[in-house]
Amino acid sequence: GTIPLIQSLTKRFTELHPRALWDIENIGSDAAIGTVADGSADLGGVSREMTAAEKQKVASLQIGLTGTAVAVNASNTITALTKDQIRAIFAGEVRDWKDVGGSPGPITVFVREPSAATRQVFDEYVFAGAATYRADFTPVDSNAQTLDALSSFKGSVSMVTLTPATQANAKIRLVPIGGVAATSENLTSGTYPMRRPLYLVYRNDPAKLKPAIAALVEFTKSAEGQQIVSGK
């Protein structure tokens, strides 16, 4: 989500402006927009697409983008999946790889914890927010644990964060969705569908915007701020 990015931005901002103090809480995207809109918070982080109505309530600045990929063991012969096939696999309607064009063999499903942004992006895209997973899935609680499971079990499938590291991992393979490869380039361009933008949100009335918040927004747009945002 946005919390680590906001922490990095505010930490550096406070080094430059020592009198600025920040109290950061993880309350979720909906509450972040609400508390900024009603003035009980000065700044918020949103890790999903914002509705037109929400964009009228608060000012926003995109500070990042996260994506989720469907990953399988590197030995899996599957070359592509559609959104419907992915839903059927994770819902348990399809339980053998041969039924979606792969080599015969049982499908073992690993699923991240509900609070993981990786899973939330997956749930929104694949299940339209109403997740119905097969009852016998195996839970995993980190990206590292997911990668271990995928590399250990030949018939496994799971959700991983779309990063250069997961793309480069030789023990797993990221499966194209609807013909679009799971790459950073396709994520950034918007062609890869399972994605979620990250926003800073703040008061949209300049008269009610605290000087420190206005300065942080400008810092985020600066060359140094953009380096922090991009992780470089």
With T146, which of T118, I172, V160, D141 fulfils side-chain contact (heavy atoms from CB on, under 4.5 Å)?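 Only match with T146 under side-chain contact (heavy atoms from CB on, under 4.5 Å): V160.
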Taking Y199 as the fixed residue, which of S29, S60, S47 is the one that meets the side-chain contact (heavy atoms from CB on, under 4.5 Å) rule? S60
Same hydrophobic cluster for [X] and [Y], using side-chain heavy-atom links shorter than 4.5 Å among ILVMFWY?
X	Y	value
L198	I33	no
V201	I24	no
V140	M194	no
L65	I63	no
L174	F153	no

Side chains of [X] and [Y] in contact at under 4.5 Å (non-hydrogen atoms):
X	Y	answer
E113	P139	no
L147	K171	no
M50	V58	yes
L16	E224	yes
N76	R173	yes
T166	N143	yes
M159	V111	yes
Y125	I177	yes

Please lay out, stage by stage, how F122 and I86 fare under the test side chain to side chain contact (heavy atoms under 4.5 Å, CB included). CA-CA 10 Å; F122 185 94; I86 294 165; 3.8 Å; yes
Distance in Å, [X] [atom1] paired with [Y] [atom2], rounded so as to fall on 0.5 Å steps:
X	Y	atom1	atom2	value
N73	I78	CG	CD1	13.0 Å
L61	L200	CG	CG	5.5 Å
T183	L162	OG1	CG	7.0 Å
L216	K210	CG	NZ	13.0 Å
I228	Q7	CD1	CD	12.5 Å
T220	L43	OG1	CG	8.0 Å

Salt bridge or not between K57 and E54? Use side-chain N to carboxylate O under 4.0 Å.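 No salt bridge links K57 with E54.
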Which heavy atom of [X] sits nearest to which heavy atom of [Y], and what is that distance?
X	Y	answer
I213	Y202	CG2-CB, 3.9 Å
T79	P176	O-CD, 3.2 Å
G45	A32	O-CB, 3.5 Å
A74	A170	CB-O, 3.3 Å
A80	Q85	O-OE1, 4.2 Å

Under 3.5 Å, is there a donor-acceptor pair between the T82 and D84 side chains? no
Between the side chains of S189 and T191, does any donor sit under 3.5 Å from an acceptor?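 There is such a pair between these side chains.
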Could you tell me whether a side-chain N or O of [X] sits under 3.5 Å from a main-chain N or O of [Y], the two making a donor and an acceptor?
X	Y	answer
Q120	P114	yes
R87	V126	no
Q56	A53	no
R95	G92	yes
R203	L209	no
N186	A181	yes

Which donor-acceptor pairs under 3.5 Å do the side chains of residues 99-110 make with protein atoms, sequence neighbours left out?
| unit_1 | atom_1 | unit_2 | atom_2 | d |
| --- | --- | --- | --- | --- |
| S103 | OG | T77 | OG1 | 2.9 |

Answer yes or no: does atom NZ of K11 have more than 12 heavy-atom neighbours from other residues, nucleotides or ligands under 6.0 Å?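 No, because the 6.0 Å sphere around NZ of K11 holds 12 heavy atoms or fewer from other groups.
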Show the numbers, then the answer: is there a side chain to side chain contact (heavy atoms under 4.5 Å, CB included) between I89 and W97? CA-CA 9 Å; I89 287 168; W97 285 110; 4.1 Å; yes
For the residue pair F127 and Y133, is the inter-centroid distance of their aromatic rings smaller than 6.0 Å? yes
